Amino acid sequence: MTKILTAFVTAALLAYFLGVVFISQGNIASVVELGFEVTLSQRLQAIVHDATHMLAIYLPLIAASLLIGLPVAYGIVRNKPQLRMFGYTLAGCLALLAMHLLMKAILGLSGIAATRSILGLLAQGLAGAAAGCVFCKLTQPSVSDSVIPFGAQEDQ
Amino acid sequence: MRLPALLLALPLWLPGAAAQTDYDLHVVATGLNHPWSITFLPNGSYLVAMRSGEVRRVSSEGKVSGPLAGLPDSYVASQGGYFDVVLDPEFATNSRIYLSFAYGTPKQNGTRIVRGVLRDNSVEQVTPIFTTSPLKDTPVHYGGRLLFLRDGTLLMTTGDGFEYREAAQDRFNLLGKIVRIHSDGSIPSDNPFADGSRGHPAVWSYGHRTPQGLALDSASGRIYAHEHGAMGGDELNLITPDTNYGWPAVTKGINYSGAYVSPLRSAPDVAEPVTYWSRSVGTSGLTVYTGDSFPEWRNALFLGTLVDEDVRMLSMQDGEVVDEQTMFSEIEERIRDVRTGPDGLLYLLTDSPQGQLIRVAPRGVAMSAHKSANQNPAGQG
């Protein structure tokens with residue numbers, strides 16, 4: 001169980017960090033496109049700012065999304081070991097995409113401005129995919145494992 | 001006088017003291033469905049435009065009429081509905097009024113101005129004179145404040161539509177702008193982009209998010225506007241033509257998600273706000289107080305707040321804020337509009353399904369219909 005928890009927390013934090021970087025740089029790309037100069041130091045400072053200021057809102061949203069997406073993936077791939085990596089990666093990607101699309105459907109507006117563009121939305125999907133991939137790796141079955149819920153060992 | 005009107009006319013008075021000034025708050029009318037703006041008619045009555053898509057006349061005794069007939073349907077959703085109503089500077093001779101409102105459909109909407117001739121409780125010869133473009137598909141961030149300038153031209157604020165914030169920097173469209181038109185909707189030839197080569201001919205200033213207050217300081221000729229920032233970054237600006245106010249590239253606010261809208265808080269060729277609120281107060285309505293009833297308030301700016309539910313008095317000196325006071329928080333309602341009446345008193349609109357029109361008068365001074373003085377006949381608080 002500890003292994004699963006550790007994997008989940010690591011995956012969620014990774015998705016959060018990558019998601020924030022994509023959001024931060026996506027917002028800056030819009031500013032640059034308008035003809036304004038943004039320095040490297042401002043870009044880095046923006047990442048730090050956003051990573052610390054989005055914690056309360058975005059990290060729980062990501063965690064909730066993965067908490068739904070990854071167990072669903074487990075349910076699908078548990079008897080198909082050859083699909084573990086693909087399944088978890090896809091699940092992570094879809095979990096984040098679904099979260100953003102759901103937010104837009106509920107709010108009628110984009111909750112995260114950087115996801116207004118297809119590219120920005122897909123970047124969040126990529127962050128989710130990376131999270132799924134890492135979760136899969138960290139829950140890889142080992143010889144000593146006897147029973148590992150959601151994903152590590154295929155049902156016999 | 002009917003009993004409810006009589007009760008309203010009686011000083012319900014919430015006595016208070018703000019900025020060392022004693023005043024009474026008189027509820028002139030209540031039961032107004034999300035009132036958005038007020039204007040003052042020469043006969044002592046008021047017109048109140050409501051986000052619910054109605055304009056009603058309120059008599060000087062506080063009696064609220066039915067909706068004025070003849071006005072167009074509005075796209076009433078979220079922040080959309082009727083916005084500002086103002087009188088023509090020549091209202092005494094032409095009886096014209098101007099109304100801004102959310103026009104269109106969920107997929108294609110924008111801010112439109114119509115004008116018409118007020119006859120009793122109807123408006124005739126209603127004609128659209130201006131519509132923002134491009135139309136958008138969000139029911140928010142319309143702008144919609146109107147202001148006649150001394151040269152007879154009309155300013156209107158427009159919003160960025162929320163999802164289209166970068167458009168505020170595009171001088172060729174009308175989202176996130178202050179536009180200037182003649183009263184028939186034609187474009188003044190002295191607008192900064194009148195020839196169309198550097199921007200849309202109607203654009204007066206750009207880089208705005210969603211300005212909800214616009215006022216002229218008739219003594220100095222300064223034009224002030226305030227706009228909502230995203231999270232934090234509500235700002236008051238001194239408006240001049242051909243000026244970039246920065247949104248979304250330069251802002252003191254951040255996204256609601258916590259992320260930067262932009263890391264740039266200032267930039268060359270972008271006007272700095274006169275003042276800003278780093279925690280959003282939700283500015284709405286703006287007037288330069290020019291009355292005689294409160295001499296100590298003269299030439300101060302008053303603006304309402306939707307979030308903090310109070311009024312801010314900004315004491316000004318040479319276009320700069322030298323003091324800020326919080327006032328009328330005892331009302332405990334969102335304040336949508338603040339105007340100076342022609343009687344020299346201050347008027348407030350509260351924002352709720354049971355919105356109120358409130359008159360602020362010096363303590364103990366008997367109520368008077370606003371026609372008793374005529375300092376501001378067009379009611380352009």
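What you see is a predicted model, and the numbers here were worked out from it, not measured in a lab. Residue numbers start from 1 in every chain, and the chains themselves are labelled A, B, ... in the order their sequence lines are given, proteins ahead of strands.
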Can you tell me how the ring of A:H49 sits relative to the ring of A:H53, calling it parallel under 30°, perpendicular over 60° and tilted otherwise? parallel
Please output the residues of residues 267-281 of chain B in contact with chain A, using a heavy-atom cutoff of under 4.5 Å, in numerical order. B:A267, B:V270
Check: [Y] and [X] side chains under 4.5 Å, non-hydrogen atoms:
X	Y	result
B:Y206	B:K177	yes
A:M99	A:I68	no
B:R336	B:L306	yes
B:N255	A:D50	no
B:Y260	B:I254	yes
A:V72	A:L94	no
B:H141	B:S78	no

Among B:A259, B:A230, B:P139, B:A249, residue most engaged with chain A (heavy-atom pairs, under 4.5 Å): B:A259
So which part of B:V261 gets closer than 4.5 Å to some heavy atom of chain A, the side chain, the backbone, both or neither? backbone
B:Y256 portion near chain A, given a 4.5 angstrom heavy-atom threshold: backbone
Choice from [options] maximising heavy atom contacts with chain B below 4.5 Å:
options	value
A:V38, A:T52, A:L109	A:L109
A:R116, A:M54, A:Q42	A:R116
A:I57, A:I112, A:T39, A:L34	A:L34

B:D242, B:T240, B:N191, B:T243 screened by side chain to side chain contact (heavy atoms under 4.5 Å, CB included) with B:W204, the one that passes: B:N191
Let's go through B:H208 and B:S205 carefully: what are the C-alpha distance in whole Å and the side-chain angles of both, what is the deciding distance for side chain to side chain donor-acceptor pair (under 3.5 Å) to 0.1 Å, and is it a yes or a no? CA-CA 8 Å; B:H208 299 287; B:S205 64; 2.8 Å; yes
A:K137 charged N/C atom sitting above A:Y88 aromatic ring, 6.0 Å / 45°: no
By a 4.5 Å heavy-atom criterion (distance strictly below it), what part of A:E37 contacts chain B: side chain, backbone, both, or neither? backbone
Answer yes if the side chains of B:E163 and A:S110 hold a donor-acceptor pair under 3.5 Å, and no otherwise. yes
Would you tell me whether A:R84 and A:T139 have side-chain atoms, one donor and one acceptor, within less than 3.5 Å of each other? yes
Residues from residues 17-32 of chain A approaching chain B under 4.5 Å (heavy atoms): A:I23, A:N27, A:I28, A:S30, A:V31
